[in-house]
Structures are given as structure tokens and as C-alpha cells.
Amino acid sequence: MPELPEVETTRRGIAPHIAKQHVAKVDIRQAQLRWPIEPTLPRLLKNQAILNLERRGKYLIFQFPNGHLLWHLGMSGSLRVLLQSQAPGKHDHVDLVLSNGKILRFNDPRRFGAVVWTDEDVLQHKLLAHLGPEPLTEAFNAEYLFGKTRKRQMAIKPWIMDSKIVVGVGNIYANEALFNAGIHPLKATYKLTRKQCERLVEEIKTVLANAIQRGGTTLRDFVGGDGKPGYFAQELNVYGRGGQPCKRCNKLLLEKPLGQRATVYCTVCQK
DNA sequence: CAGCGCCCCTGCCCGC
DNA sequence: TGCGGGCAGGGGCGCT
């Protein structure tokens, strides 16, 4: 589920509620996520002030005086603010109870999410150290992408989803950005022209920014920090539309797996 | 070392 | 209605 826009929507939804708060209590009902949650986490966080909430790629980073908490939503996770106590549901695995009485509640049916504590330099943490540039910053530009594409012969679609190249572009937005840029998802990376790299960078930025503005894409589980779904799904051009007509040329869109992930494209509009 | 599969796990949808 | 198979928004890891 959550790609960069959904994680950013979550961050923005939560941030106002946790400002100047500290952690009163941590309730872990299910520690077996992608990795087991550090058993000492409740003790480590108790009475610690939440200094900041940032995002790197699809990782949320909670800053505390004594370290950082990396929080990844996986495929099906959501993190939301409850204004008051509420009985936990089946997949509500973790609560951070705040000093203002509000609760940060993590729900994750598939448990691909992760809650990882570190007291080292957070950006040097092994989960973050090798991440590529943020797509919505100037560091991600046509020059950068063009340079990286040379000599890489794999298909552009799985390549652009590699977080070492650029973070935050998951399956939905990779499909969308390639369609919007008119680039065939199977095209060999090194065959992209400079012009196509410009278009791709531009379309990645545009689709991600638009999705953030709509509160993300909700297909099933996703809710933002305020508990509301995102509204970008209705604006998707290709994702989930295999077999339906291309919105641009009306030809039926093709859908086939590529590297274990559904890939949807138009053979007329994408070259 | 680039690049490819394999998983982790639950829920849902489809077809029989 | 029940059940098995396939599929799902991520991504680290272990192989080649």
C-alpha cells in the first residue's frame, strides 16, 4: 500500500498531534512484524519527548532525545491518531500513548511493517544509508537520472522502483509515471534518451505531488494520520485498469507481471 | 556486484 | 457455502 505519498500523508496528519508531546506509554500487542520489535522499546521511549517527525523514502523517522525510531508501514500498514482511548482491533499491533492523551495506533494486517530503534547516527543506519535521492527534491533531476541509466540494461520499470536509484516510487506510481511519460515499462534503461529521462523525472515528481495533494491512494487499507482514506485512486490512468481502454488513445491497456509485480501499459502511447 | 527470485503475512476475490 | 489458488500498495536478503 503505502508508497511515498501515503507515508508523507501519514507524516503530515500525525505531526500536529505529537508536537511537544512525550511518550507516556508504549503498548505492543504484536511484536512479530518484519523484524521483531526490540523488547526494551517501551522502557526506552517512556517519558521521552518527541522532538520531530521526518520521512526518508517510505520510512517515518521519530526523533527522540536518546535516539530515533524508524517506522515503516510495509504493504498494508497505517499509523493514525486517536483522540481518545479506544479498544484495539484485530491488527492494531502497537500504540504510542502520548502525554496529551492521544494515541498513535499502528494497524498492519500483513505485518510487513517495521518498528526499529536506533541510537546511532540515523541516516547511517543500514536501512537508510544506501537510499537514493528524494524524488521531490532538486537532487533528483534529469542529469542525475540520465547518468544513472547508462550501462544499465534492465527494464526501466523495476529499475525505477529500486530505492537505491530514487526512493518512494512503488508499483502504482511507477506504472503511472511511465504512462504519463510515454515510456514503455520494458524498455531497456540504457536506451532512454536524455529527453525521456527529463520527462520521466518530471512525471514522477508530478504524480507524487498530485497524490500527496489528494491524501494518497487508497485501494483497500490505507488511511492517513487523521484516519481518512486518500482520493488519488480515481485519478489513476493505468494502475488497476488492465483490459480497459487507454484514456488517451482508447486502445485496451495490457497487464502483465514484470518482476513479480503487475505492470499495466498502453502499447500505442508508450514506446 | 548487478540483478533476479524468494519470502515475510493476512485478506479478499474468483472459480469450481 | 466452502475451499483452494492467485493476487495485493514493500523491500531486505541470499543466491547466481
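Protein chains get the first letters and strands the later ones, always in sequence-line order, with residue 1 at the start of each. As the structure is a computational prediction, the values presented were derived from the model and not from experiment.
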ring-ring contact (aromatic ring centres under 6.0 Å, His included) pairs, two or more places apart, involving [range]:
range	result
residues 145-166 of chain A	none
residues 47-85 of chain A	A/Tyr59-A/His72, A/Phe62-A/Trp71, A/Trp71-A/Phe106
residues 237-271 of chain A	A/His184-A/Tyr265
residues 190-217 of chain A	none

Can you tell me the distance, in whole Å, between the [atom1] atom of [X] and the [atom2] atom of [N]?
X	N	atom1	atom2	answer
A/Asn107	B/dC9	CG	C1'	13 Å
A/Leu219	B/dT10	CG	C1'	16 Å
A/Met75	C/dC7	CE	P	13 Å
A/His130	B/dA2	NE2	C1'	15 Å
A/Gln30	B/dC8	CD	C1'	12 Å
A/Lys164	B/dA2	NZ	C1'	8 Å
A/Glu255	C/dG6	CD	C1'	13 Å
A/Gln260	B/dC4	CD	C1'	8 Å

Donor-acceptor pairs are to be reported for all side-chain atoms of residues 32-42 of chain A against protein atoms at under 3.5 Å, with residues two or more places apart or in another chain.
from: A/Glu38; atom 1: OE2; to: A/Thr40; atom 2: N; distance (Å): 3.4
from: A/Glu38; atom 1: OE2; to: A/Thr40; atom 2: OG1; distance (Å): 2.7

Expected output check: what is the dot-bracket annotation of DNA chain C, where ( ) and [ ] are pairs inside the strand (brackets for crossing ones), | is paired with another strand, and pairs are Watson-Crick or G-U under 3.5 Å? .|||||||.|||||||
Nucleic acid contacts - residues 111-121 of chain A versus DNA chain B, non-hydrogen atoms under 4.0 Å: A/Arg111, A/Phe112
Kindly indicate, with the supporting measurements, whether the criterion side-chain hydrogen bond (donor to acceptor under 3.5 Å, both in side chains) is fulfilled by A/Lys256 and A/Thr263. CA-CA 5 Å; A/Lys256 56 171 72 169; A/Thr263 303; over 6 Å; no
State which residues pass salt bridge (Lys or Arg N to Asp or Glu O under 4.0 Å) with [X]; sequence neighbours excluded, sorted by chain then number.
X	value
A/Arg56	A/Glu134
A/Lys271	none
A/Glu143	A/Arg194

Does A/Lys151 reach a base, just sugar-phosphate, or nothing at all? Heavy atoms under 4.0 Å. nothing
Report which part of the nucleic acid A/Tyr239 touches: base, sugar-phosphate, or nothing (heavy-atom distance under 4.0 Å, all strands). sugar-phosphate
Taking 4.0 Å as the cut-off, does a side-chain nitrogen or oxygen of A/Lys90 come that near to OP1 or OP2 on B/dT10? no
Between A/Tyr231 and A/Thr218, does any side-chain donor sit less than 3.5 Å from a side-chain acceptor? no
Side-chain H-bond candidate by donor/acceptor type, A/Asn100 with A/Lys20, under 3.5 Å: no
For B/dG3 and C/dG9, measure between their C1' atoms and round to the nearest Å. 23 Å
Provide the distance between the two P atoms, one in B/dC6 and one in C/dG6, to the nearest whole Å. 14 Å
Given C/dA8, B/dC4, B/dG11, which nucleotide is nearest the side-chain atoms of A/Arg110? C/dA8
Quiz: residues 199-206 of chain A side-chain donor-acceptor pairs under 3.5 angstrom, not counting sequence neighbours:
from: A/Arg199; atom 1: NH2; to: A/Asn180; atom 2: O; distance (Å): 2.6
from: A/Arg199; atom 1: NH2; to: A/Glu203; atom 2: OE2; distance (Å): 3.3
from: A/Lys205; atom 1: NZ; to: A/Pro135; atom 2: O; distance (Å): 3.0
from: A/Lys205; atom 1: NZ; to: A/Thr137; atom 2: O; distance (Å): 2.8
from: A/Lys205; atom 1: NZ; to: A/Phe140; atom 2: O; distance (Å): 2.9
from: A/Thr206; atom 1: OG1; to: A/Glu202; atom 2: O; distance (Å): 2.8

A correct 5'-to-3' footprint of nucleotides 11-16 of chain C, with B, S and - meaning base, sugar-phosphate only and no protein heavy atom under 4.0 Å, is BSS---
